[in-house]
Amino acid sequence: MQRFKAVLVERGADKKQSVSVVDLDESQLMEGDVTVRVTHTTVNYKDGLAITGKLPVVRRWPMVPGIDFAGEVVSSSDPVFKPGDRVVLNGWGVGEVHYGAYAGLARVKGDWLIHAPDGLTPAETMAIGTAGYTAMLCLLALEAHGVTPAAGPAIVTGASGGVGSVAVSLLSGQGWQVTAVTGRAEEAEYLKSLGAAEVLDRAELSGAPKLLGSERWAAGIDSVGGTTLANVLSMTMAEGAVAACGNAGGMDLPTSVAPFILRGVSLLGINSVTVPRERRVEAWTRLARDLDRSKLNAMTTTIGFDDLIPTAQAIVEGKVRGRVVAEIG
Ligand code: NDP
């Protein structure tokens with residue numbers, strides 16, 4: 001029986017949450033038809049929420065957090081996967097209600113896995129991770145809506161974060177003139193190196209939004225929510241669209257119907273967790289094709305297993321720049 005290290009979050013009788021590194025063996029894994037040796041994982045904002053308990057991401061106790069991994073199949077009763085296959089998983093409640101990626105081994109449903117996309121190394125898939133994959137889902141949603149760079153600039157909020165950094169790179173690579181919104185003025189050069197044409201202080205979008213502001217961008221990718229998203233909507237051009245995927249600045253949305261009914265603005269909701277396999281494969285294929293590798297490298301920090309917990313704590317404090325890859329084994 002193989003033993004391996006895992007991060008475990010537990011909740012005491014007083015409902016207080018704690019996190020530690022433990023030794024598990026294979027028999028303690030949850031049900032699933034494919035067992036995977038995790039080689040790489042990452043730290044997303046949601047992992048930070050799970051480990052700190054800041055929001056109720058974990059809904060089954062105890063829990064091994066980690067919402068995405070790259071790895072190699074060890075055993076499988078699913079005919080789609082055989083031992084030695086390279087696979088990627090993100091979403092499906094893994095790290096929330098099913099033991100997740102912060103462990104040497106994971107056992108999951110074959111339906112949740114995809115084969116590792118051609119053209120990306122396992123480390124690159126996790127440098128992209130759920131955050132980058134979600135940025136691509138946002139881009140696909142904007143494209144499906146029909147908005148193009150010819151219509152005007154695009155705005156990205158939470159730009160120095162994981163979703164934001166990948167969104168800036170992807171949009172600029174597709175010919176968009178990108179306005180990057182950040183609370184970290186010191187990251188202006190970093191954002192320009194990813195392709196931002198303009199960097200806007202987060203404070204400029206944090207006041208009470210007007211019903212309608214001056215029209216400034218045709219498209220947006222928002223990972224912040226709250227007042228920031230409300231301001232973005234009020235300044236989106238007629239027939240423009242904003243893909244909303246995050247709540248780093250709040251769960252609320254203090255907006256009005258004015259942008260929707262007077263400018264025909266569309267708000268496109270993005271949930272990466274339960275996207276069907278075909279769209280997952282499409283998103284990963286586009287990432288492999290379109291994401292500039294030198295920009296991906298520039299936004300990525302590599303850590304080890306023992307750094308997972310402190311990095312997860314740092315991400316909810318807005319202290320992590322870009323993306324993080326964790327090498328597990
Ligand atoms: P990061 O922490 O890497 O990025 C979030 C960024 O938001 C920060 O870097 C910061 O950018 C900005 N930010 C943080 N706090 C505030 C605040 N109080 N007000 C305004 N801006 C703030 O997280 P991720 O990129 O991993 O995730 C971003 C969001 O997207 C999260 O809410 C996450 O839950 C969500 N998400 C949703 C998914 C879905 O399926 N819908 C999938 C993946 C992520 P800066 O310093 O540049 O201002």
Side-chain angles (χ1 to χ4, degrees), residues 41-52 54-57 65-68 90-96 126-141 155-170 178-192 194 196 199-207 221-232 242-254 267-275 279-280 283 299-301 311-325:
T41 181
T42 175
V43 180
N44 297 281
Y45 190 81
K46 204 180 214 178
D47 300 312
L49 295 176
I51 282 186
T52 59
K54 192 177 163 196
L55 281 179
V57 165
I67 64 170
D68 43 10
N90 58 290
W92 300 113
V94 170
E96 302 178 48
M126 285 301 105
I128 294 167
T130 296
Y133 160 81
T134 302
M136 178 51 89
L137 292 178
C138 291
L139 176 60
L140 291 174
I155 186 163
V156 174
T157 64
S160 310
V163 173
S165 294
V166 179
V168 169
S169 306
L170 285 172
V178 180
T179 298
V181 183
T182 184
R184 293 183 259 183
E186 67 277 14
E187 300 299 357
E189 282 316 304
Y190 162 74
L191 291 167
K192 286 184 178 160
L194 298 182
V199 177
L200 201 63
D201 189 327
R202 179 200 288 178
E204 292 196 35
L205 297 179
S206 62
I221 295 183
D222 174 70
S223 60
V224 169
T227 309
T228 302
L229 176 55
N231 274 292
V232 166
V242 179
C245 70
N247 61 338
M251 267 292 191
D252 60 333
L253 181 54
L267 181 57
L268 312 173
I270 303 298
N271 173 18
S272 67
V273 178
T274 49
V275 173
R279 198 135 53 85
R280 280 174 193 268
M299 72 177 82
T300 302
T301 309
T311 306
Q313 287 162 340
I315 202 169
V316 290
E317 292 167 16
K319 290 184 180 155
V320 172
R321 181 178 93 172
R323 298 285 304 133
V324 171
V325 177

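Just follow the structure's listing: the first ligand is 1, and inside any ligand the first atom is 1.
Residue-to-ligand polar distances keep Leu49 apart from ligand 1: every N/O pair is separated by 3.5 Å or more. For Ala131, no nitrogen or oxygen atom sits less than 3.5 Å from a nitrogen or oxygen atom of ligand 1, counting backbone and side chain alike. At under 3.5 Å, a nitrogen or oxygen of Gly183, whether backbone or side chain, sits near a nitrogen or oxygen of ligand 1. Ligand 1 has an N or O atom lying under 3.5 Å from an N or O atom of Arg184, backbone or side chain. Between Thr228 and ligand 1, no pair of N/O atoms sits closer than 3.5 Å. Among the atoms of Gly164, none of the N or O lies under 3.5 angstrom from an N or O of ligand 1. Checked by distance only, ligand 1 and Ser272 come closer than 3.5 Å through their nitrogen or oxygen atoms. For ligand 1, the polar-atom distance check finds no N/O of Val320 at less than 3.5 Å from any of the ligand's N/O atoms. Considering both main-chain and side-chain atoms, Asn44 never comes within under 3.5 Å of ligand 1 through any nitrogen or oxygen pair. Not a single N or O atom of Thr134, backbone or side chain, sits closer than 3.5 Å to an N or O atom of ligand 1.
The residue among Ser206, Gly246, Gly158 with a heavy atom at the shortest distance from atom 11 (O) of ligand 1 is Gly158.
Qualifying side-chain hydrogen bond (donor to acceptor under 3.5 Å, both in side chains) partners for Asp222, counting only residues two or more places apart in sequence or in other chains: Thr157. In terms of the salt bridge (charged side-chain N to carboxylate O under 4.0 Å, His left out) criterion, residue partners of Glu187 (sequence neighbours excluded) are, by chain and number, Arg321.
Looking only at protein heavy atoms, the nearest one to atom 31 (C) of ligand 1 is Tyr45 CD2, 3.4 Å. Scanning the protein heavy atoms around atom 5 (C) of ligand 1, the nearest turns out to be Ala248 CB, 3.9 Å.
To the nearest 0.5 Å, atoms CG (Asn231) and OG (Ser206) are separated by 7.5 Å. For the atom pair OG1 of Thr274 and CZ of Arg280, the computed distance is 7.5 Å after rounding to the nearest 0.5 Å.
The closest approach between Gly318 and ligand 1 stays at or above 4.0 Å for every heavy atom of the residue.
When heavy-atom distances to ligand 1 are checked against a 4.0 Å cut-off, Val224 comes that close only through its side chain, counted from C-beta outward. Contact annotation for Ser223 and ligand 1: heavy atoms of both the backbone and the side chain come within less than 4.0 Å of the ligand.
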